[in-house]
Amino acid sequence: MNKEEELIDRLIDLSFAEDIGDGDHTTLSCIPATAMGKSKLLIKEAGILAGIEIAKEVFRRFDPTMKVEVFINDGAEVKPGDVAMVVEGKVQSLLQTERLMLNIMQRMSGIATMTRKYAERLKGTNTRVLDTRKTTPGMRILEKMAVKIGGGVNHRIGLFDMILLKDNHVDFAGGIEKAITRAKEYCKEKDKDLKIEIEVRNFDELQQVLDLGGVDRIMFDNFSPEMTKKAVELVGGRYETESSGGITFDTLRDYAECGVDFISVGALTHSVKGLDMSFKAC
């Protein structure tokens, strides 16, 4: 089992523990254990569907006898009235898995829908939209999966799979040169093959990075589009470039047209409304 699968398993376990506890007494009190039935996942809002594969895992983990028939797959456009899947099995199992499945699918579909909107806005440019670590604690893997389903790109998953030297790291380390040098030495000492990205706040810091080298990507933090265009020209394709900080949907295209490789948008995961859907008996 890889790290991603392990985190999803632990999330499902914790989610059932917090929701069901020592038993769903409402269901157990009024539904016979032998009762069988079907429920359909009904879409109530237009958007991009995400989370079907995780939903299947939720059902499998709770009750392997449940049968899932999928009609619409992850990444597809959906509209009100669409039925994404039908699940057949014990009525007790259908009722006890309903809320967790919906919580996951509504959240993931909301993120995929938002990401698709941003990705469409960038069409015709070479710029890709990135997610961030501004995610719901415990749900990061699922939220980043949803970003990919929506057409975005994952930045680092966490603090372990990339070195990102932000302003605080630079200040605490004593400057650009010390931060980059120590990061490179650390990777060598620990035999880590990690990409190094550094955030710059102005053209002086950018020039220091260009003079020193040794990084894979440079992030322009809170640069205006005009500053970004000039910064991209200075980098001249020697390193990947990323824009971050205060970029909205309305200004996204302005930054992309400066030639930056990536734009990171925290709003993909931290300010998303879930896509409306329900799980109804059928």
Side-chain angles (χ1 to χ4, degrees), residues 2-12 14-15 18 43 45-55 57-58 74-78 99-123 127-164 166-168 195 197 199 217 219-222 240 242-253 255-256 260-277:
N2 62 33
K3 185 176 182 64
E4 187 174 295
E5 292 169 335
E6 180 188 347
L7 288 171
I8 292 171
D9 275 355
R10 289 166 67 182
L11 168 62
I12 293 173
L14 178 60
S15 300
E18 73 177 0
I43 305 301
E45 184 179 2
I48 303 300
L49 192 69
I52 284 285
E53 294 305 312
I54 303 301
E57 183 64 12
V58 167
D74 286 340
E77 292 185 14
V78 291
R99 178 45 52 198
L100 174 54
M101 179 276 294
L102 284 173
N103 284 349
I104 289 172
M105 287 217 56
Q106 287 182 285
R107 178 75 180 160
M108 289 184 69
S109 296
I111 290 169
T113 300
M114 173 80 86
T115 304
R116 181 68 57 87
K117 180 183 172 186
Y118 276 75
E120 289 286 332
R121 180 81 166 159
L122 294 174
K123 271 197 170 176
T127 307
R128 306 291 300 279
V129 65
L130 289 176
D131 54 24
T132 69
R133 285 170 51 241
K134 297 173 184 176
T135 54
T136 308
M139 286 194 69
R140 180 174 296 171
I141 292 296
L142 301 189
E143 293 182 349
K144 283 183 172 279
M145 285 174 65
V147 166
K148 289 179 74 174
I149 289 169
V153 177
N154 292 155
H155 204 286
R156 55 183 180 163
I157 300 299
L159 297 173
F160 57 88
D161 59 335
M162 184 179 185
I163 288 179
L164 174 45
K166 294 180 73 68
D167 52 358
N168 280 339
K195 283 195 169 185
E197 177 173 7
E199 178 182 276
R217 185 184 300 172
M219 179 193 292
F220 311 131
D221 181 44
N222 284 302
E240 291 181 336
E242 176 183 339
S243 288
S244 180
I247 300 170
T248 66
F249 181 76
D250 290 334
T251 61
L252 189 76
R253 184 85 186 189
Y255 282 89
V260 72
D261 295 309
F262 301 102
I263 299 175
S264 49
V265 179
L268 296 184
T269 51
H270 74 53
S271 302
V272 167
K273 175 186 144 320
L275 195 72
D276 196 10
M277 58 186 74

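Not measured: the values here are computed from a predicted model. Any value given below was found using the heavy atoms of this structure, including those in side chains, with hydrogens, waters and symmetry copies removed.
Within the model, atoms CG of Asp221 and OG of Ser243 stand 10.0 Å from one another, a figure rounded to the nearest 0.5 Å. Atom OH in Tyr118 sits 6.5 Å away from atom OG1 in Thr248 (nearest 0.5 Å). To the nearest 0.5 Å, atom CG of residue Leu130 and atom OG1 of residue Thr115 are 11.0 Å apart.
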Could you walk me through whether Glu120 and Arg116 satisfy the salt bridge (charged side-chain N to carboxylate O under 4.0 Å, His left out) test, starting with their C-alpha distance in whole Å, then the side-chain angles of each, then the deciding distance to 0.1 Å, before giving a yes or no? CA-CA 6 Å; Glu120 289 286 332; Arg116 181 68 57 87; 5.1 Å; no
Can Leu142 and Met145 be said to form a side-chain contact (heavy atoms from CB on, under 4.5 Å), step by step? CA-CA 5 Å; Leu142 301 189; Met145 285 174 65; 4.1 Å; yes
Start with the C-alpha distance between Leu49 and Met277, add both sets of side-chain angles, then the distance that settles side-chain contact (heavy atoms from CB on, under 4.5 Å), and finish with yes or no. CA-CA 10 Å; Leu49 192 69; Met277 58 186 74; 4.3 Å; yes
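Considering every non-hydrogen atom in both Leu122 and Ala256, the closest pair reads CD2-CB, 3.5 Å. Looking at every heavy atom in both residues, Gly151 comes nearest to Ala119 through O-CB, 3.9 Å. Leu100 and Ser15 get closest at one heavy-atom pair: CD1-CB, 3.4 Å. Residues Ala267 and Met114 approach most closely at O-CE, 4.0 Å, considering heavy atoms. Considering all non-hydrogen atoms of both residues, Thr136 and Arg107 come closest at OG1-NH2, 3.3 Å. Taking both residues in full, the closest heavy atoms of Ala112 and Ala50 are given as CB-CB, 3.8 Å, listed atom of the first, atom of the second, then distance.
Within the 4.5 Å cutoff, no side-chain heavy atoms of Ile8 are placed close to those of Glu5. At a threshold of 4.5 Å between non-hydrogen side-chain atoms, the residues Ile12 and Glu57 count as touching. Side-chain contact between Met105 and Ile54 is absent, with no heavy-atom pair separated by less than 4.5 Å. Contact annotation: the side chain of Thr132 never approaches that of His155 to less than 4.5 Å [non-hydrogen atoms, C-beta and beyond]. With contacts defined as side-chain heavy-atom distances shorter than 4.5 Å, the pair Ile141/Leu11 does not qualify. Using a 4.5 Å heavy-atom threshold, the side chains of Lys3 and Phe160 count as touching. No side-chain heavy atom of Arg156 sits less than 4.5 Å from a side-chain heavy atom of Glu197.
Within the 3.5 Å criterion, the main-chain N or O of Ile48 finds a donor-acceptor partner in the side chain of Thr113. Side-chain N or O atoms of Arg140 include one that pairs as donor or acceptor with a backbone N or O of Ile157 at under 3.5 Å. Gln106 places no side-chain N or O within donor-acceptor distance of the main-chain N or O of Gly274, the cut-off being under 3.5 Å. Put simply, the side chain of Thr127 gets close to the backbone of Val260: a donor and an acceptor are under 3.5 Å apart. No donor-acceptor pair under 3.5 Å is formed between the side chain of Glu242 and the backbone N or O of Arg217. When atom types are taken as modelled, the side chain of Glu199 and the backbone of Asp167 share a donor-acceptor pair closer than 3.5 angstrom. In this structure, Thr251 contributes its side chain and Ile247 its backbone to no donor-acceptor pair below 3.5 Å. Looking only at distances, a side-chain donor or acceptor of Asp74 sits under 3.5 Å from a matching main-chain atom of Gly51.
Applying the salt bridge (Lys or Arg N to Asp or Glu O under 4.0 Å) test to every pair with at least one member in residues 128-138, sequence neighbours left out, gives these pairs: Asp131-Lys144.
Looking at Thr135, Ile111, Val129 one by one, the single match for side-chain contact (heavy atoms from CB on, under 4.5 Å) with Val147 turns out to be Ile111.
With a 6.0 Å radius and a threshold of 12 heavy atoms from other residues, nucleotides or ligands, Lys273 has its NZ atom above the threshold.
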